[in-house]
J.: 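This structure is in structure tokens; I'll ask about it shortly.
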Protein chains: 2
Amino acid sequence: MADVISPGGKLAANPIFLRDEDLRQGIELLFYAYRDFTSEPDAILAKLGLGRAHHRAIYFVGRHAGITVSELLAILKITKQSLSRVLSQLVQEGYIQQRPGKRDRRQRLLELTEKGKELERQLTRTQRERIARAYREAGAEAVAGYRKVLLGLIDETERRKILAHLDGSAKASG
Amino acid sequence: MADVISPGGKLAANPIFLRDEDLRQGIELLFYAYRDFTSEPDAILAKLGLGRAHHRAIYFVGRHAGITVSELLAILKITKQSLSRVLSQLVQEGYIQQRPGKRDRRQRLLELTEKGKELERQLTRTQRERIARAYREAGAEAVAGYRKVLLGLIDETERRKILAHLDGSAKASG
DNA sequence: GAAATTACGTCAGCCATGTTGACATATTAC
DNA sequence: GTAATATGTCAACATGGCTGACGTAATTTC
């Protein structure tokens, strides 16, 4: 009962890594990794009176300078009201600045201020170091597998957008 | 500027997958995967008036039948007050039952009721299917890499406990 | 050029889930 | 018998989701 899930007896012929036990391991690893991955930035943010939601906003604005509010909403998948709370605080405290869109002046293009970049670096450093260590210890092949599986966990509709992001982001500077 | 992070110029000699761009990709994949991974169970839970915190409790109690409150706290890394709220609701609504520890009668060993098991199956099914599909599409080698890297992301102190969990859980039934 | 749509913002209130701090009760350990 | 441990509880607070309603400016459509 612990090794094969068989509501239809159908998975019996599947590869060994699809046993119920292994799938649960996959679930738990994701939980534990996420739990610890967020803990360091959370501690830094707490001292500044900010939270994880601020981190996410800062991160993606830093990543995609000049991003619009709608685009950011599509990434975070939260309501505009939730984002607004976070964003207006970040603007008010000088981490993010807005400028009207050139082609479409309704848009408020978002970018980090120097202060924002500073915080972004500080927050991301801990996570980058953590990832770098894990990558280094696991090796190139494992990294490829990590990417492949995580990408497969993402909703299909989203996957394309993200792939475009990831590939295109090197040139999308400024 | 986009391909090598060099505050000390030190990372230049490192393998290709340690470029800033790749590390950020690793960060983002984790964010996106987690975001989508939790969305389906969240929707089910919402209909029952429960939340993600309930899911976590149910999941780990199901996984480790007879777990103590302290052990559960150590896994979730939240305060006992936070857990208590969730747990007492789950007990009251008949998803979880408690029995005093045999050796130590201060302990309240936790286990799922039939109703709890039912819900656990329902919640975990969506995630298990998601993982299974991703695993299948990525292949055995990628799965090994996924595990390796995620394990590397976990705090060192925790890693051992978790490894013990993961290995030992097949025999820890009832 | 008027009307509809879009991008964004805001007010108000609700809920889930995390936190701290203080205190209570059983049980076990020394 | 006293101290420590396992658990629970009350109260108050913060964060960050949510819904619903409404407002403004700019763009698009006809």
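We name chains A, B, ... by the order of the sequence lines, and we start the count at 1 in each one.
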J.: Would you kindly give the CG-to-P distance between B:L83 and C:dT17, to the nearest whole Å?
T.: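 Rounded to the whole Å, the gap is 12 Å.
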J.: C:dT17 C1' sits how many Å from B:L72 CG, rounded?
T.: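 My rounded result for the distance is 15 Å.
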J.: How would you label the contact of B:E71 with the nucleic acid (heavy atoms, under 4.0 Å): base, sugar-phosphate, or nothing?
T.: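 The answer is nothing, as B:E71 stays clear of every strand by at least 4.0 Å.
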J.: Which nucleotide sits closest to the side chain of A:R106: D:dC22, C:dT6, D:dG17?
T.: C:dT6
J.: So, is A:S82 close to the D:dC18 phosphate, meaning a side-chain N or O under 4.0 Å from OP1 or OP2?
T.: yes
J.: What is the nucleic acid contact for A:R52, judged by heavy atoms within less than 4.0 Å: base, sugar-phosphate only, or nothing?
T.: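 Sugar-phosphate contact only - A:R52 comes under 4.0 Å of backbone atoms but never of a base.
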J.: Less than 4.5 Å apart, any side-chain heavy atom of B:Q127 and any of B:E40?
T.: no
J.: Measuring to OP1 and OP2 of C:dA26, would you say a side-chain N or O of B:Q107 lies under 4.0 angstrom away?
T.: no
J.: Tell me, do A:I44 and A:Q122 make a side-chain contact under 4.5 Å, heavy atoms counted?
T.: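 Yes, their side chains come closer than 4.5 Å.
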J.: Do B:F31 and A:F60 have their ring centres less than 6.0 Å from each other?
T.: yes
J.: Between the main-chain N or O of B:G51 and the side-chain N or O of B:H54, is there a donor-acceptor pair closer than 3.5 Å?
T.: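 Present.
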J.: Which is true for A:T68 with a 4.0 Å heavy-atom rule: it touches a base, it touches only sugar-phosphate, or it touches nothing?
T.: sugar-phosphate
J.: Rounded to whole angstroms, how far apart are CD on B:Q98 and P on D:dG8?
T.: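 Distance check: B:Q98 CD to D:dG8 P gives 6 Å.
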J.: Which whole-number value in Å describes the distance from A:D42 CG to C:dT17 C1'?
T.: 14 Å
J.: Examine the base of C:dT27 for any acceptor or donor lying under 3.5 Å from a partner atom in the side chain of B:R105, and report the outcome as yes or no.
T.: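 A donor-acceptor contact between them is absent.
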J.: Rounded off to whole Å, could you give me the CG-to-C1' distance for the A:D104 and D:dT24 pair?
T.: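 Going from CG in A:D104 over to C1' in D:dT24 covers 14 Å.
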J.: If you compare every side-chain N and O of B:S84 against the phosphate oxygens of D:dG8 (OP1, OP2), does one of them come in below 4.0 Å?
T.: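 No, because none of the side-chain N or O atoms of B:S84 sits under 4.0 Å from OP1 or OP2 of D:dG8.
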J.: Does D:dG17 have OP1 or OP2 sitting under 4.0 Å from an N or O in the side chain of A:T79?
T.: no
J.: Once you round it to whole Å, what is the distance between P of C:dC15 and NZ of B:K47?
T.: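 Rounded to the whole Å, the gap is 20 Å.
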J.: Counting C-beta onward and ignoring hydrogens, is there a side-chain heavy-atom pair between B:D36 and B:R130 closer than 4.5 Å?
T.: yes
J.: Name the nucleic acid region contacted by A:Q89, choosing base, sugar-phosphate or nothing; use a 4.0 angstrom heavy-atom cut-off, strictly under.
T.: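 If one applies the 4.0 Å heavy-atom cut-off, A:Q89 turns out to touch nothing in the nucleic acid.
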J.: Check this for me: does the side-chain of A:R56 come within 3.5 Å of the base of D:dG16 through a donor and an acceptor?
T.: no
J.: Where each residue is assigned the nucleotide of DNA chain D containing its nearest heavy atom, which of A:G49 and B:L109 is assigned the position nearer the 5′ end?
T.: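 Its nucleotide being nearer the 5' end, the pick is B:L109.
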J.: Check the distance between C:dC15's P and B:L45's CG and give it to me in whole angstrom.
T.: 18 Å
J.: Expressed in angstrom and rounded to an integer, what is the separation of B:K102 atom NZ from C:dT27 atom P?
T.: 17 Å
J.: Considering every strand and a 4.0 Å limit on heavy-atom distances, what is the contact class for A:H54: base, sugar-phosphate, or nothing?
T.: sugar-phosphate
J.: Ring centroids only, cut at 6.0 angstrom: are B:Y146 and A:Y146 within range, meaning strictly under it?
T.: no
J.: If you check every side-chain atom of B:Q81, which of C:dT19, C:dG21, C:dC23 has the closest atom?
T.: C:dG21
